[in-house]
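Here the structure comes first, spelled out in structure tokens, and everything after it is commentary.
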Amino acid sequence: MSTKLQAIRGMNDLLPDQSPAWQYLERQLRSLMDRYDYREIRTPIVEQTALFARSIGEATDVVEKEMYTFDDRNGESLTLRPENTAAVVRAAMEHGLLHNQTQRLWYMGPMFRYERPQKGRYRQFHQIGIEAYGMTGPDIDAEIILLSARLWRQLGMAEHVTLELNSLGSPEARAAYRESLVAYFESHHELLDEDSRRRLTTNPLRILDSKNPAMAEMLADAPQLLEHLDEESRTHFEQLKSTLDAAGIGYRINPRLVRGLDYYSRTVFEWTTTALGSQGTVCGGGRYDGLVEQLGGKPTPGVGFAIGLERLMLLLDTLDLVPEEAKGGADAYLLAMGDSAEREALLLGERLRDVLPTLRLQVHCGGGSFKSQIRRADRSGATVALILGEDEIANGRLTLKPLRDGSEQRTLELDDAITWLDQQFA
Ligand code: HAM
């Protein structure tokens with residue numbers, strides 16, 4: 001019996017009707033990175049499993065249950081990247097990008113997590129991320145937040161996203177906090193659900209993330225990380241907040257924001273929206289000053305974020321923010337009537353593309369009646385059909401038939417037709 005071949009659950013095809021909107025979004029993102037002078041880095045989508053286990057943390061959901069891990073033919077354990085911060089650190093160390101210099105990097109591409117698929121949550125999803133190295137102060141934290149805020153403005157969605165901010169302090173401060181948190185949870189052991197009891201020994205900070213309503217009251221009274229900050233982290237956080245205030249960026253302090261990956265220290269943040277249901281985090285990031293050293297490099301501060309592109313795309317769609325002109329489709333559709341016209345149309349198409357480099361032109365192939373060709377012209381999205389028949393060929397002319405505005409068709413000298421196309425579509 002044959003089984004039907006289909007895509008892997010949670011992994012999406014991007015169909016031609018959707019790709020113009022994605023290309024629009026990717027253009028916006030690339031130009032933004034250029035404007036801040038961030039440089040692109042591309043790393044493989046497969047890395048040694050140990051890289052992720054050692055950076056994201058053994059006790060995180062990602063490493064415990066969401067990685068696509070397999071042995072290659074040599075028996076080496078490899079993993080499809082569930083995120084890209086670890087791989088960028090690996091590549092930057094490997095190629096000496098971190099020696100006595102600062103770096104501002106960005107990447108875009110697919111990530112893989114074995115999560116339960118739902119709207120906004122997939123097993124292959126795409127991120128654009130940035131990572132900046134070698135800068136300790138809160139100014140670079142502010143810069144990447146300002147960059148993200150500019151993106152929301154650029155896309156027209158600024159009033160639909162909220163910035164949530166927290167500081168996790170230094171590793172020492174966090175260790176002390178962890179102890180007081182564990183003591184608090186121990187004293188309320190009977191209120192903890194099974195998952196939280198398990199986390200009590202592995203990752204107690206993550207209990208704060210629990211959405212279990214039965215635990216809400218107890219969690220609200222839990223000791224807060226912000227009250228346990230070391231002096232340096234407190235100053236760092238205050239300075240960041242005052243820069244954001246001065247720049248007019250609103251934020252909400254969320255003392256329970258801990259993020260799901262272990263490498264963070266000090267600043268952590270998320271941009272969330274209420275327009276997407278439960279998967280409302282469009283961007284998450286923070287500072288990870290210990291990670292480079294943890295992976296075997298010299299102590300090097302790092303900070304970054306990643307945006308989930310599917311979620312951003314869903315938001316653009318929901319809010320109807322993809323501009324009409326970004327939706328794609330041909331400008332003009334060239335059709336041919338008569339036997340010799342078919343080849344002439346292909347040649348004319350090439351000539352038009354030579355002289356009109358921005359024209360989006362589809363040349364009809366495959367024959368058919370005038371009516372069926374016009375139907376295809378209409379479906380192509382073109383605003384004008386260019387008709388090449390025996391008469392036009394004999395007289396060096398071209399007929400223009402507007403498809404959208406109801407105006408009359410007319411036959412012009414070829415040069416005049418080119419001038420008209422140039423004016424319409426340049
Ligand atoms: P993250 O919070 O795990 O952080 O992911 C960042 C964003 O990726 C999320 O806010 C969400 O928009 C998107 N995302 C995550 N998982 C999925 C999924 N299963 N389906 C669809 N979208 C998803 C990181 O990955 C860090 N590396 C960010 C970072 C960079 N921190 C410092 N530098």
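Below, all heavy atoms of this structure are taken into account, side chains as well, without hydrogens, waters or symmetry copies. For the single chain, residues carry numbers from 1 onward in sequence order. Start at 1 and go down the list; that is how both ligands and their atoms are numbered.
Under the rule for a side chain to side chain donor-acceptor pair (under 3.5 Å), Asn166 has no partner lying at least two apart in sequence or in another chain. Listed by chain and number, the residues in a ring pair (Phe, Tyr, Trp, His ring centres under 6.0 Å) with Tyr122 amount to none (sequence neighbours excluded).
Salt bridge absent: Asp230 and Arg234 never bring a charged side-chain N and a carboxylate O closer than 4.0 Å.
The contact shell of ligand 1, taken as protein residues with any non-hydrogen atom closer than 4.0 angstrom, comprises Glu83, Thr85, Arg113, Glu115, Gly120, Arg121, Tyr122, Phe125, Gln127, Glu131, Arg259, Leu261, Tyr263, Tyr264, Thr281, Val282, Cys283, Gly284, Gly285, Gly286, Tyr288, Gly304, Phe305, Ala306, Gly308, Arg311.
Residue Tyr333 is tested with His364, Arg379, Lys401 for a side chain to side chain donor-acceptor pair (under 3.5 Å); the sole match is His364.
Thr272 and Glu270 share no donor-acceptor pair across their side chains, judged by distance under 3.5 Å alone.
Listed by first and then second residue, the ring pair (Phe, Tyr, Trp, His ring centres under 6.0 Å) pairs that reach into residues 62-111 are Tyr68-Tyr114, sequence neighbours excluded.
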